[in-house]
Trainee: 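Take this structure first; my questions come after.
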Amino acid sequence: MTLTAEEAARFAGLLEDNSDALVATWTERVAATLRGRLSHAELQRQHSELRKAFQQALSGGAQAIGDEPAAELRAQLSDLSASRARQGFSVTETAVSVFAFKAAVLTIVDQGGGSEAALRDYVALSAFVDEAALFTSDSYVRVREELIADQAEQLLELSTPVVKLWEGVVAVPLVGTLDSARAQVVMERLLQTLVDTGSPYAIIDITGVPAVDTQVAQHVLKTVVAARLMGADCIISGIRPQIAQTIVALGIEFGDIATKASLADALRYVLGKTGQAKRLGR
Amino acid sequence: MNQQGELIQVNSDQDVVRVRQLVRTVAVAVKLSLVDQTKLVTAASELARNTLVYGGGGTVEVTTVDNGRRPGIRIVFADQGPGIVDLDLAFTDGYTTGSGLGLGLSGARRLVDEFDIVTAPGAGTSITVTKWCR
Amino acid sequence: MERVPVLKIGDILLVSIQIDMEDQTALQLQEDLADRIVATGCHGVIIDISALDIVDSFVGRTLASIASISRVLDAETVVVGMRPAVAITLVELGLQLPGIRTALNVELGMDLLARERAADDWEFDEGDAEDESEPETPAAAAP
């Protein structure tokens, strides 16, 4: 049931002739759904622009939302979904603006007498509007995904300082839950710092990590092995009692990796080793 | 949605180096992270060497791909060699019929996101690997 | 085929791999090094791989062979300058490089070799005529 050129032209006329009444009914319905979270004036502005875009698309002969004359309409719908997504509206609350348009148009058609021909036209238009609503939902989802990706990236930037503790010793205090992406960032940053500072020792402090599962342990172990391949030694510190129990219960092998209860212990251990190394070198 | 396939004949040591260089160039172009570039080039090096040593030479085709959400690189290693008789065994760490460390196939699989192998005794081997941008 | 140059500095042979090696080049390096260790009587080999953007299993195996061969010839090998991305990839690949000593850079590699020698020579240290080839640079300051 696609829209024919004549039907589209008839609706373009209808939208033009009844513009004020249409926008009013439309805004009324949407405002009821959003319960005052967007001002009446704001909605009215959005809807009159959308109405104009619908009219433009239809008078240009658009039969589907992907058609060339509907380009402006698509742009408007994308803007609408982007702003609703950013303001934290749900996908329903976003699509309702488009669906309510149908209801508003039906009211106008009814007022015009509701002849059988007019209703048939309406069904054809309805398919077009449904497409527009689907398009809106799609762009809403896309914007939300972008938002989430951005936020995840910002979190990563925040969360992983690598600090120099002593000449030749760097430390990375891990805070919060380690997922695989974050663990990878930590790992890369730590190893790069070892190279940049020429530090043969790194202390990974996990005091701030609430829980250790096999995956987290795997990541820490891989970091230690990679550091060894590069010629640096890692010490793990800040293992709390319940984490020690989990590690043993999960059967995770720390092998010959040095583990210390506190950062201070770890530093003392490293300085002991470098002191010894230095004596041997003399 | 595939574009820009580039084909390299692999018949010598030098060709393996050319495969590495091509994969590196394409990986930089689609903006893989440094670690992912390194993983992909290493996997390509292992598999191209397999094509040369075990497959008796063949072709390597590098294509950029896009799954609609993110770009990636697909590499196909094809040879007309003897094929692989026991795939499970070939994927076992440390197993080798040649003089290598036996990490080529299993290791390469861990370095990429997707790994497909089509082989039969006497019918050659074709391995397709894909790495996606994060 | 290109060849990787081997430099002699004091008691150490220094190899800095600056090219994307063909497999043959790597094997040639292995031979060259064995020859040079015998010819010079050096006791240490430093292989700088900081310019390598990948180390695959073939190069890894060659490095391991070089280390074993030099050990037989009484020279200790240290591989230095491995890039983080390379190390991460090797871990994922499952390559352990057993028997290879590593250091972050050439300087730390030389320290390591000097320490090894010192430990070896511990009991013969007194009144030894052999002078140290380079001044010590301490790896870390003592507190």
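A note on names: the letters A, B, ... follow the listed sequences, proteins ahead of strands, and every chain is numbered from 1. FYI, side chains are in, hydrogens and waters are out, and symmetry mates aren't considered; it's all heavy atoms of this structure.
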Trainee: Drop me the distance from A:Leu194's CG to C:Asn105's CG, to the nearest 0.5 angstrom.
Mentor: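 Taking CG in A:Leu194 and CG in C:Asn105, the distance rounds to 11.0 Å.
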Trainee: Do the side chains of A:Lys222 and C:Glu92 get nearer than 4.5 Å, heavy atoms only?
Mentor: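 Sidechains of A:Lys222 and C:Glu92: in contact.
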Trainee: Could you tell me whether A:Gln242 atom CD has more than 12 heavy atoms of other residues or ligands within 6.0 Å of it?
Mentor: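 For A:Gln242, atom CD is crowded (more than 12 foreign heavy atoms under 6.0 Å).
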Trainee: Heavy-atom pairs under 4.5 Å with chain A: which of C:Pro84, C:Ala87, C:Gly109, C:Ala103 has the most?
Mentor: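 Among C:Pro84, C:Ala87, C:Gly109, C:Ala103, the one with the most close pairs to chain A is C:Pro84.
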Trainee: So for A:Thr223, is it side chain, backbone, both, or neither that comes closer than 4.5 Å to the heavy atoms of chain C?
Mentor: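 When you check distances to chain C, no heavy atom of A:Thr223 falls under 4.5 Å.
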Trainee: What residue in A:Val195, A:Leu191, A:Leu229 has the most heavy-atom pairs under 4.5 Å with chain C?
Mentor: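 If we count pairs closer than 4.5 Å to chain C, A:Leu229 comes out on top.
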Trainee: Could you go through C:Thr102 and A:Met230, starting from their C-alpha distance and side-chain angles, then the distance that decides it, and tell me whether this counts as side-chain contact (heavy atoms from CB on, under 4.5 Å)?
Mentor: CA-CA 6 Å; C:Thr102 53; A:Met230 293 167 54; 5.9 Å; no
Trainee: Where do A:Ala226 and C:Ile88 come nearest, in terms of heavy atoms and distance?
Mentor: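 In this case the closest contact between A:Ala226 and C:Ile88 is CB-N, 4.2 Å.
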